[in-house]
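Input: a single structure, listed below in C-alpha cells.
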Amino acid sequence: MLFLLFASLIIGALPGDADIPPMRVALLPFEDRAGFQGEWELARDVPKLLGMHLSAIPGISVVPIEVTQEAGDPTSRRDAPSLGDEWRFIARRLDADVLIRGRIDKFGVRRTIAGDPNTLGYRSYTHSVQLDEIELIDGMSGSVLSTLEVRRDSVERPLDLSLFGKPNAQDREFRALLSAEFASDAFFGLTFGQHVQAVFDQLSQDIADSLLGRRPIALREDAKVLAVDGKEVYLNIGNEDLIRRGDMFSVLQNRQPVGAVRIEEIIGQNLS
C-alpha cells in the first residue's frame with residue numbers, strides 16, 4: 001500500500017527530540033595564509049576549534065578532526081571528473097552531511113610602535129581574525145550551500161607610554177602568544193584568546209543558522225512511498241523537491257501518521 005508523505009520538513013535534531021538524528025558536519029583543513037610565527041598549526045587548529053564550538057549546538061554532530069585528517073585531501077583526487085565529485089567522495093568516506101573548509105588570512109596580534117621604543121614610545125595592539133571563503137558544502141550533491149567570512153579586529157591603545165623600552169602588560173601578552181598552546185586555558189586567558197572566543201561563538205552560530213535554519217518546504221500532493229524493502233523506503237521525491245540528506249518526513253496512512261523516514265540518499269530528480 002502506498003503512503004502519503006506529510007507535507008512538512010524537519011531539519012537536524014530539535015532540542016528534546018531524540019528520534020531525529022543530528023546533521024553530521026566534517027571540518028576539513030583550512031588554507032593557512034596568516035603566517036603566524038608561533039608553534040600553532042592553524043590549518044588544523046582553527047577548524048578543530050570551530051568544531052568544538054559547533055559540537056555544543058543542538059542538531060549538529062561534528063566528525064572528529066582526527067578522522068578528517070585520515071581521510072586525506074579530496075582535491076588531490078585526479079580521477080574525479082569534477083570538484084563536486086571530489087566533495088561527494090570525501091563526504092561518503094566521512095559519512096558527513098556537510099563539509100566545511102575555508103582560508104585563514106589573518107590570525108594574531110599586530111603591534112604598532114610610535115616614537116623611540118628605547119626612550120619614550122607609544123604602542124597599540126590590533127587583535128585580528130580574518131577567515132575568508134568559509135564554504136559549507138552539501139555532501140550529497142557536492143555543491144556549495146553558502147559561503148561565509150569573518151573579519152574582526154579589536155584594537156588596544158594603552159594609556160601608559162613605554163619608558164626606556166620597559167615592557168607593559170600588552171607586551172608581555174604579545175610575547176606569551178608565541179609560547180601559549182592553542183585553545184588552552186593560558187591561550188583563552190590572553191586578550192587575543194578572548195577575542196578569538198567571541199569570534200568563534202558568533203561564527204559557529206552563523207553556520208548553524210545557515211545549516212539548520214532552512215525554511216520548511218511543502219511537498220507536492222502526489223509525494224508518496226514507492227516501495228518498502230526491509231528498513232529501506234523508496235520515495236518519489238528528489239533533487240527537484242529541494243530536499244537534502246538528513247531531512248525527516250512523517251508518513252501518513254489514511255491521513256494518520258504511521259511513522260517517519262530520514263533521507264539517506266537522493267538518487268535522482270524524483271527518487272530518494
Side-chain angles (χ1 to χ4, degrees), residues 1-26 28 54 57-63 67-68 71 74 77 79-100 135-146 207-272:
M1 181 181 295
L2 299 180
F3 300 88
L4 294 179
L5 288 172
F6 185 65
S8 67
L9 176 62
I10 301 175
I11 306 297
L14 301 181
D17 193 340
D19 295 331
I20 302 176
M23 179 177 293
R24 281 178 60 83
V25 173
L28 301 179
L54 289 172
I57 298 177
I60 293 180
S61 173
V62 177
V63 178
V67 176
T68 64
R77 293 184 65 245
D79 57 328
S82 69
L83 185 58
D85 289 337
E86 294 178 354
W87 296 135
R88 288 195 293 271
F89 171 81
I90 200 72
R92 285 196 299 270
R93 288 194 63 183
L94 298 174
D95 188 26
D97 300 307
V98 175
L99 306 175
I100 299 179
E135 294 180 336
L136 313 183
I137 302 168
D138 179 33
M140 181 59 64
S141 66
S143 61
V144 176
L145 300 172
S146 58
I207 291 174
D209 290 344
S210 181
L211 294 179
L212 306 179
R214 184 159 54 106
R215 284 186 175 184
I217 61 174
L219 296 176
R220 57 183 189 275
E221 293 184 0
D222 66 341
K224 60 186 178 182
V225 173
L226 296 176
V228 178
D229 182 10
K231 292 187 177 181
E232 290 189 344
V233 180
Y234 293 86
L235 313 174
N236 70 336
I237 57 176
N239 290 320
E240 189 175 276
D241 301 280
L242 304 179
I243 64 173
R244 297 178 187 170
R245 180 184 177 190
D247 290 349
M248 296 285 296
F249 296 93
S250 297
V251 180
L252 302 183
Q253 183 179 26
N254 299 326
R255 298 184 179 276
Q256 296 299 317
V258 295
V261 292
R262 179 183 186 272
I263 302 298
E264 291 288 348
E265 183 178 1
I266 301 173
I267 302 172
Q269 290 295 98
N270 302 110
L271 185 61
S272 59

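One N or O on the side chain of N236 and one on the backbone of K224 form a donor-acceptor pair closer than 3.5 Å. A distance-only check finds no donor-acceptor pair linking the side chain of N239 to the backbone of I266 [under 3.5 Å].
Between S272 and I263, the shortest heavy-atom contact is OG-CD1, 3.7 Å. For the pair L99 and W87, the tightest heavy-atom approach, listed with the atom from each and the gap, is CD1-O, 3.5 Å. Between P22 and D97, the shortest heavy-atom contact is O-OD2, 4.2 Å. Between P58 and L212 the shortest heavy-atom distance is O-CD1, 3.5 Å. The shortest non-hydrogen separation linking V25 to I100 is CG1-CD1, 3.5 Å. Shortest non-hydrogen contact noted between A26 and T68 is CB-CG2, 4.0 Å.
Here the CD1-CE distance, from I57 to M23, works out to 12.0 Å after rounding to the nearest 0.5 Å. Rounded to the nearest 0.5 angstrom, S146 OG and L211 CG are separated by 6.5 Å. Going from atom CG of L235 over to atom CG of L226 covers 7.0 Å, rounded to the nearest 0.5 Å. Distance CG/L83 to OG/S143: 11.0 Å, rounded to 0.5 Å. With values rounded to the nearest 0.5 angstrom, K231 atom NZ is found 12.0 Å from E264 atom CD.
For D95, the side chain to side chain donor-acceptor pair (under 3.5 Å) test picks out R245, with sequence neighbours left out. Residues passing the side chain to side chain donor-acceptor pair (under 3.5 Å) test with E265, sequence neighbours excluded: none.
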*Could you walk me through whether L28 and E135 pass the side-chain contact (heavy atoms from CB on, under 4.5 Å) test, one step at a time?*
CA-CA 10 Å; L28 301 179; E135 294 180 336; over 6 Å; no
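Inter-residue side-chain proximity for D241 and N270 is flagged as met; some heavy-atom pair is nearer than 4.5 Å.
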